Amino acid sequence: MQCSNDCKTFSIISIKTLDDCLGGSSYLEVCFSSNLTREIILSWKSLGDLEYHADFTRPLFKFNSPKRFILKGLQDTNTCKLILPTEQREEVIEYINSHMCTGNS
């Protein structure tokens, strides 16, 4: 996966719990250090199943990871929703920070 310099500095800066225990899952809002650009979103294709709707008035995405989590959000914002198994919270957050746009896979 190739990322620009902006993409390489992309990381999680805060996490807010929106709801807990939705059938054993957590529903979180993740705030990133920069906006979710088209380049960043498309760089996730090799890491899982990406639905990207660039033709919408506000382009949106849904990313399903084989690591058992889902990211949903809008392009050009710095937040998105994260749905994950409650017991995997720390593992998933570490994976996102280390793999989602650092050039690692």
Side-chain angles (χ1 to χ4, degrees):
M1 166 176 39
Q2 297 294 320
C3 291
S4 70
N5 287 336
D6 291 339
C7 191
K8 289 179 181 175
T9 62
F10 179 75
S11 63
I12 295 173
I13 58 173
S14 68
I15 298 170
K16 176 182 169 184
T17 300
L18 299 176
D19 206 349
D20 242 348
C21 298
L22 296 171
S25 295
S26 292
Y27 194 63
L28 312 171
E29 180 179 75
V30 179
C31 182
F32 293 99
S33 58
S34 62
N35 282 350
L36 296 162
T37 63
R38 174 182 169 87
E39 178 185 31
I40 289 170
I41 294 166
L42 292 178
S43 74
W44 298 342
K45 281 177 122 176
S46 65
L47 300 174
D49 181 34
L50 177 66
E51 293 177 38
Y52 178 63
H53 302 281
D55 55 335
F56 288 14
T57 303
R58 296 190 67 195
L60 63 90
F61 68 89
K62 180 178 178 183
F63 174 79
N64 286 291
S65 171
K67 300 283 186 188
R68 297 180 49 213
F69 67 89
I70 298 169
L71 286 172
K72 299 191 305 187
L74 298 172
Q75 178 183 305
D76 298 325
T77 64
N78 72 331
T79 61
C80 70
K81 305 300 183 258
L82 170 62
I83 304 163
L84 68 153
T86 302
E87 73 277 1
Q88 289 185 281
R89 182 176 172 151
E90 295 305 316
E91 177 185 334
V92 167
I93 292 166
E94 175 60 31
Y95 177 83
I96 292 169
N97 259 331
S98 64
H99 288 82
M100 295 299 287
C101 205
T102 61
N104 301 322
S105 55

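Nothing here was measured: the structure is a model prediction, and the numbers come from that model.
Proximity of Cys80 to Phe32: side-chain heavy atoms (C-beta onward) are separated by under 4.5 Å at one or more points. A 4.5 Å side-chain heavy-atom check between Glu29 and Lys81 finds at least one atom pair inside the cut-off. Two residues are said to be in side-chain contact when any heavy atoms from C-beta on lie closer than 4.5 Å; Lys67 and Leu47 fail this criterion. The side-chain heavy atoms of Arg58 and Thr77, taken from C-beta on, include a pair separated by under 4.5 Å. With a 4.5 Å cut-off on side-chain heavy atoms, Val92 and Leu82 count as touching. In this structure the side chain of Arg38 reaches within 4.5 angstrom of the side chain of Tyr52, judged on heavy atoms.
Expressed to the nearest 0.5 Å, how far OG of Ser34 lies from CG of Asn78 amounts to 8.0 Å. Atom CD1 of Ile41 and atom CZ of Phe63 lie 12.0 Å apart (nearest 0.5 Å). In this structure, CZ on Arg68 lies 9.0 Å from CD on Glu91, to the nearest 0.5 angstrom. Taking CG from Asp49 and CG from Asn64, the interatomic distance works out to 5.5 Å, rounded to the nearest 0.5 Å. Between the CD atom in Gln88 and the CD atom in Glu94 there is a gap of 13.5 Å [rounded to 0.5 Å]. Put simply, CD1 on Ile15 and OG1 on Thr79 are 12.5 Å apart, with the number rounded to the nearest 0.5 Å.
By the criterion of side-chain heavy atoms lying less than 4.5 angstrom apart, applied directly or through intervening Ile, Leu, Val, Met, Phe, Trp or Tyr residues, Leu84 is grouped together with Leu50 in one hydrophobic cluster. Under the 4.5 Å side-chain heavy-atom criterion for ILVMFWY residues, no single connected hydrophobic cluster contains both Ile40 and Leu60. Under a hydrophobic clustering in which Ile, Leu, Val, Met, Phe, Trp and Tyr are joined whenever their side-chain heavy atoms come within less than 4.5 Å, directly or via other members, Phe61 and Leu74 fall into different clusters.
Contact record, Pro66 with Gly48: CD-CA, 3.8 Å, taken as the closest heavy-atom pair.
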(message) Ile96 vs Ile12, test: side chain to side chain contact (heavy atoms under 4.5 Å, CB included). Steps then yes/no.
(response) CA-CA 8 Å; Ile96 292 169; Ile12 295 173; 3.8 Å; yes
